[in-house]
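Any value given below was found using the heavy atoms of this structure, including those in side chains, with hydrogens, waters and symmetry copies removed. Labels below follow one simple rule: chain letters A, B, ... track the order of the sequence lines, proteins then strands, and each chain is numbered from 1.
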There are 2 protein chains.
Amino acid sequence: MKVTYKGDYALKTILDLALHYDKELVTTHDLAVRIDAPIKFLEQVLSELKKGGFIESRRGNVGGYMLARKPAKITVGEVIRFIDGPIEPIACLKGEYANCSDINKCVFRKVWEDTTKAISGVIDNVNFDDLVSKVKSQQEEPIYSI
Amino acid sequence: MKVTYKGDYALKTILDLALHYDKELVTTHDLAVRIDAPIKFLEQVLSELKKGGFIESRRGNVGGYMLARKPAKITVGEVIRFIDGPIEPIACLKGEYANCSDINKCVFRKVWEDTTKAISGVIDNVNFDDLVSKVKSQQEEPIYSI
DNA sequence: TACTTATCCTATCTGCTTAGTAGGAATTGT
DNA sequence: ACAATTCCTACTAAGCAGATAGGATAAGTA
Ligand code: FES
Ligand code: FES
């Protein structure tokens, strides 16, 4: 599993849209500023997220993006898999491995299967409602630094 | 985390040497045949494993390789980290990430930290004595196929 | 000493992926 | 008409994965 910049931008995008859920549309420009991403690169990420059914858009003068589903219905795992591909740590488990001739004989296979489950156990159990709550509770926190 | 062919060859190398532990030296040629790796590529892997203190070698006519430690004292995690680098799923946690300006504010950070721990929980708890036992028990199994 | 069989060392290469850039077409409100 | 926006396609620079190539060095043996 590798989370690329693209994946990171996608997650931050969904989170930003989740924070604006049921309020206003978010433009690529504003998003790019807030999540600190190159706008032209972000455009491509947004295009993919739309194809993936995560977000919806409105074109034209007062256009922008919004979530296609409730934040609670989108998990980190879903987004990462869609943008960065399978979470399996080795090509073998994705069925693209020449060396895995006899699946039943390789004693490492179970290790990678367990690893995959362990990763899934984390990222498939965090949704964007959880994250929105976390952001909001962070904002309420008092500031102790001077 | 990504396990490359190099990492896979390294693991299979250690396992093969573990199976020959305290018996005979293993040559690159024999190893390459058994684990199905290009010999010249495997040479480089062996060189790295030696530098990493996993294996020892003897040069010359009757040379070859052997484990530098007991199989039980080598874990899958150790080998993978040495050959394929840090297991963290995102550059951010490796300290090579421009976008992680305020570490305390990014709500995704905990997700990646938890993911790292989950992976570690698997690969750092499998050693090569476990794997040797598994190979041997597999060999003892009756064959049900015709 | 010559020969063989090994490890050891360094350079090079090809294809793929990542992260980004570039330029403009299409859409919509004012 | 104009401005602001999404949408679409192509291109590029850098790095990495997975080798390949060619030999130098070491050690046992006839
Ligand atoms: S080669 Fe496929 S699991 Fe090991
Ligand atoms: S940007 Fe560093 S953890 Fe999110």
Side-chain angles (χ1 to χ4, degrees), chain A residues 1-13 17 24-33 35-52 54-66 68 80 83-86 89-92 94 96-99, chain B residues 1-13 17 24-33 35-52 54-66 68 80 83-86 89-92 94 96-99:
Chain A
M1 187 214 199
K2 190 190 169 192
V3 180
T4 65
Y5 271 68
K6 202 162 158 189
D8 184 61
Y9 294 149
L11 292 172
K12 287 174 176 166
T13 291
L17 295 186
E24 64 275 323
L25 293 178
V26 174
T27 66
T28 312
H29 173 82
D30 287 2
L31 194 53
V33 169
I35 75 175
D36 191 28
I39 191 161
K40 280 302 213 174
F41 189 41
L42 186 58
E43 275 185 9
Q44 296 172 46
V45 178
L46 288 164
S47 161
E48 284 191 47
L49 286 174
K50 193 185 171 186
K51 276 183 198 153
F54 294 97
I55 64 179
E56 283 169 7
S57 64
R58 181 172 169 182
R59 302 184 68 170
N61 196 21
V62 291
Y65 292 94
M66 58 176 290
I80 281 303
I83 298 293
D84 285 334
I90 192 167
C92 177
K94 305 179 211 169
E96 28 177 90
Y97 203 56
N99 293 36
Chain B
M1 187 213 200
K2 191 192 168 191
V3 180
T4 64
Y5 271 69
K6 203 164 160 186
D8 184 60
Y9 293 149
L11 291 172
K12 287 174 177 168
T13 290
L17 295 186
E24 63 274 324
L25 293 178
V26 174
T27 65
T28 312
H29 173 81
D30 287 3
L31 194 52
V33 170
I35 74 175
D36 191 28
I39 191 161
K40 280 301 210 174
F41 189 40
L42 186 58
E43 275 185 8
Q44 297 171 46
V45 178
L46 288 164
S47 162
E48 285 192 46
L49 286 173
K50 194 185 172 187
K51 278 183 196 152
F54 294 96
I55 64 178
E56 283 168 8
S57 64
R58 180 172 171 183
R59 302 184 68 169
N61 196 22
V62 290
Y65 292 93
M66 58 176 290
I80 281 303
I83 297 293
D84 284 334
I90 192 167
C92 179
K94 304 179 211 167
E96 30 176 87
Y97 202 56
N99 292 37

If you round to the nearest 0.5 Å, how far is [atom2] of [Y] from [atom1] of [X]?
X       : Y       : atom1 : atom2 : value
B/Glu24 : B/Leu17 : CD    : CG    : 10.5 Å
A/Lys2  : B/Met1  : NZ    : CE    : 14.5 Å
B/His29 : B/Ile39 : NE2   : CD1   : 6.5 Å
B/Ile55 : B/Glu48 : CD1   : CD    : 10.5 Å

Keeping the roles fixed (side chain from A/Thr13, backbone from A/Tyr9), state whether a donor-acceptor pair exists under 3.5 Å.
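At least one qualifying donor-acceptor pair exists.
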
Separation of atom [atom1] in [X] from atom [atom2] in [N], rounded to whole Å:
X       : N      : atom1 : atom2 : answer
A/Lys51 : D/dC7  : NZ    : C1'   : 10 Å
B/Tyr65 : D/dA27 : OH    : P     : 14 Å
A/Glu24 : D/dT5  : CD    : P     : 14 Å
B/Leu42 : D/dA19 : CG    : P     : 11 Å
B/His29 : C/dT7  : NE2   : P     : 11 Å
B/Glu48 : D/dA17 : CD    : P     : 11 Å
B/Ile80 : D/dA17 : CD1   : P     : 12 Å
B/Lys12 : D/dG18 : NZ    : P     : 12 Å

Answer yes or no: does a side-chain N or O of A/Ser57 lie under 4.0 Å from OP1 or OP2 of D/dC7?
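Yes.
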
Phosphate contact (C/dT7 OP1 or OP2) by B/Thr28 side-chain N/O below 4.0 Å:
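True: B/Thr28 side-chain N/O within range (under 4.0 Å) of C/dT7 OP1/OP2.
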
Output a table of nitrogen or oxygen pairs between the protein and nucleotides 17-24 of chain C separated by less than 3.5 Å.
residue	atom	partner	partner atom	Å
C/dA19	OP1	A/Tyr5	N	3.4
C/dA19	OP2	A/Tyr5	N	3.2
C/dG20	OP2	A/Tyr9	OH	3.3
C/dT21	O4	A/Gln44	NE2	2.4
C/dG23	O6	A/Lys40	NZ	2.5
C/dG24	O6	A/Lys40	NZ	3.0

Can you spot which of A/Val45, A/Leu42, A/Leu11 makes a side-chain contact (heavy atoms from CB on, under 4.5 Å) with A/Lys6?
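Only match with A/Lys6 under side-chain contact (heavy atoms from CB on, under 4.5 Å): A/Val45.
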
With side-chain contact (heavy atoms from CB on, under 4.5 Å) as the test, pick out the partner of A/Leu31 among A/Thr28, A/Thr27, A/Ile35.
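Among A/Thr28, A/Thr27, A/Ile35, the one that satisfies the side-chain contact (heavy atoms from CB on, under 4.5 Å) with A/Leu31 is A/Ile35.
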
Atom pairs under 3.5 Å: protein N/O with N/O of nucleotides 28-30 of chain C:
residue	atom	partner	partner atom	Å
C/dT28	O2	A/Asn61	N	3.2
C/dG29	OP1	A/Arg58	NH2	2.5

Just wondering, do B/Leu25 and B/Val62 contact through their side chains at under 4.5 Å, heavy atoms?
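They are not in side-chain contact.
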
Output, in order, the C-alpha distance, side-chain angles, deciding distance and verdict of side chain to side chain contact (heavy atoms under 4.5 Å, CB included) for B/Leu49 and B/Ile83.
CA-CA 8 Å; B/Leu49 286 173; B/Ile83 297 293; 4.0 Å; yes

Tell me what A/Ser47 touches on the nucleic acid: a base, only sugar-phosphate, or nothing, going by heavy atoms under 4.0 Å.
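It contacts nothing in the nucleic acid.
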
